[in-house]
Amino acid sequence: MRMILTEKKSSALVWLALALISVFIDSPSYVVDALSSPTVGTAAAASVTTPAAVKGNDRLLLNSTLKPLPKEVPVAIIGGGLGGLAVFCALQSRGIDAHIFESAPTLLRGSTGTGIMISENGMSALEAADRRLPDKMRGSGTRIVKQRIRVTDPLGAIEREIAFNMTKEQVNIGWSRAQEILASLVPEKFIHCGAQLESYQLVQKSDEGDDTTTDMVDVTFADGRSVRTSLLIGADGAGSAVRRVMAHAKNPKKAKASYAARYSGQLLWNAIVPTKDIQPLVHGIGEVEYITCGTDGQVVLTFDAGEEQTSWYLTLMEDYVKGAEGNALCPEIRTALEDNAFGGFGRKGVKKQLEQAFASWPVALACIHATQESQIFERRLSDRPALKDWTDPTCRVVLMGDAAHPMIPSQGQGTMMTWEDAADLAACVAPSLLKELRNSTQNDSVVDLSTAVRAFVSHRTERCARVQKFSAEAYMGSQSSKFFPLKVIQMLGRKRSMEFIKDGYQPILIPEKVGLRKRFWSLFQRN
């Protein structure tokens, strides 16, 4: 069965296809098996190369040696990934000079092997963070014009094919290129690499000229350096050190359970390679190809990642790999899992193992053959328990992005939710920070910083928890019920969830001069 849909035809079949099969993916955190690694945020890079400079910018934000830290900064951002850089840009555009503290020795490390799909909610968040960002992403990425879904049986025979033109903007770009674009807007003096957070402590600072005090946070790094800040932002990814310290401070007995990895049972392999190296071509310009392989959770995904690059992904379920009653269908992969050798770039033998597992799918084979084994990244997909509270008791420490809500990358929303967080956090706290930094008592209509942080968390938690839950349930290649009435209900539920994700974000807009406190809180009231 073959169908070609255009914008003029009914969109019902498009929604049906999208509800059955998710075609969006990104990397929620660049770490080697992100949620089991003791290294946090973006610091667990392995086998990486020095990146090329951003186009039109001949400087590289690299710090290979430790340097003295400032004694005090307005905002300390832990983590220099897509979230930390985005919230820096959002604060900078509102007159706040934040500082980024990255645990890795360098900020930019070249390709992570992953691409991201910037959907309309992500573009809205980037626009709200810094108006320069959307066009910069468009300039290096590629706009997706068509998506094609193929449903095959377990032997690779095509059962049906659905193709449709994109009616809304979606820009695909490499993760590392997106990081470079964000970093190009950050002055080097605000970036501190080799700064791995060890702990933080809440303190009070006496204000000059009166008897009042201000809550502050003293941050200590593993090398002994420290910094004081008015606001500590944990943007250090799925293995967040800030989240871990916060959890143990709140409830030591239940701390580990609150940030323990929740493995989905799905395995992922991915890489980015020059499109010309893949023969035959596996997608057109500005196109996405998505293949379900007849087995639950087995998928082939390829897409144009911009700049003549192809991003490809392959998935299998762990149960399928291990087989029934000890009869492993992929014995080498099973052995790697059992020996804790699975994860990261270039595991020996992974290329041959993938060729065997995906032997019936020519698109997968073309991608594998064009990729050096050292470029293939693998991981067990996982998230963490949803949090209702992203702050410490004083609201001077706050989590965002994957540190607060890491997601299974089935809907491509890990980065999008992170950018939404970045834009909204900056919008909420900037007026309060400026008032506090200026030690001003003239504008009493501006809420205090702790109130602004609480408002941000209250505004974001429900949406992020819902998207996190849906991302886990609608994993790549998940199969719908064969009982038709239940299947229809599932499809309608997925349609509603996808509409909520893509169309349900409106950036918080707070004027530079916030009016009455009641007006501030009205921004978060539901209709």
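Just so you know, residue 1 is the first one in the sequence shown, and it goes up from there.
In this structure Glu338 satisfies the side chain to side chain donor-acceptor pair (under 3.5 Å) test together with Arg334, sequence neighbours excluded.
A donor-acceptor pair under 3.5 Å is formed between the side chain of Ser184 and the backbone N or O of Ile181. A donor-acceptor distance shorter than 3.5 angstrom exists from the side chain of Gln179 to the backbone of Leu107, with no hydrogens or angles considered. In this structure, the side chain of Arg243 engages the main chain of Ser258 through a donor-acceptor pair within 3.5 Å. A donor-acceptor pair under 3.5 Å links the side-chain atoms of Asp236 to the main chain of Ala241, judged by distance alone. A donor-acceptor pair under 3.5 Å is absent between the side-chain atoms of Thr142 and the main chain of Asp304, judged by distance alone.
Side chains of Gln266 and Ser410: a donor-acceptor N/O pair is absent below 3.5 angstrom, by distance only.
The aromatic rings of Trp269 and Phe342 sit perpendicular to each other, their planes meeting at more than 60°, with 30° as the lower class boundary.
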- side chain to side chain contact (heavy atoms under 4.5 Å, CB included) between Asn172 and Ile118, intermediate numbers included: CA-CA 6 Å; Asn172 289 10; Ile118 308 177; over 6 Å; no

- List the steps, then state whether salt bridge (Lys or Arg N to Asp or Glu O under 4.0 Å) holds for Glu378 with Arg347. CA-CA 8 Å; Glu378 65 182 9; Arg347 178 174 56 82; 2.5 Å; yes

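Summarising the local packing, CD of Gln372 is surrounded by 12 or fewer heavy atoms from other residues, nucleotides or ligands at distances under 6.0 Å. Summarising the local packing, CD of Gln506 is surrounded by 12 or fewer heavy atoms from other residues, nucleotides or ligands at distances under 6.0 Å.
Using a cutoff of 4.0 Å between basic side-chain nitrogens and carboxylate oxygens, Lys250 and Asp392 are not scored as salt-bridged.
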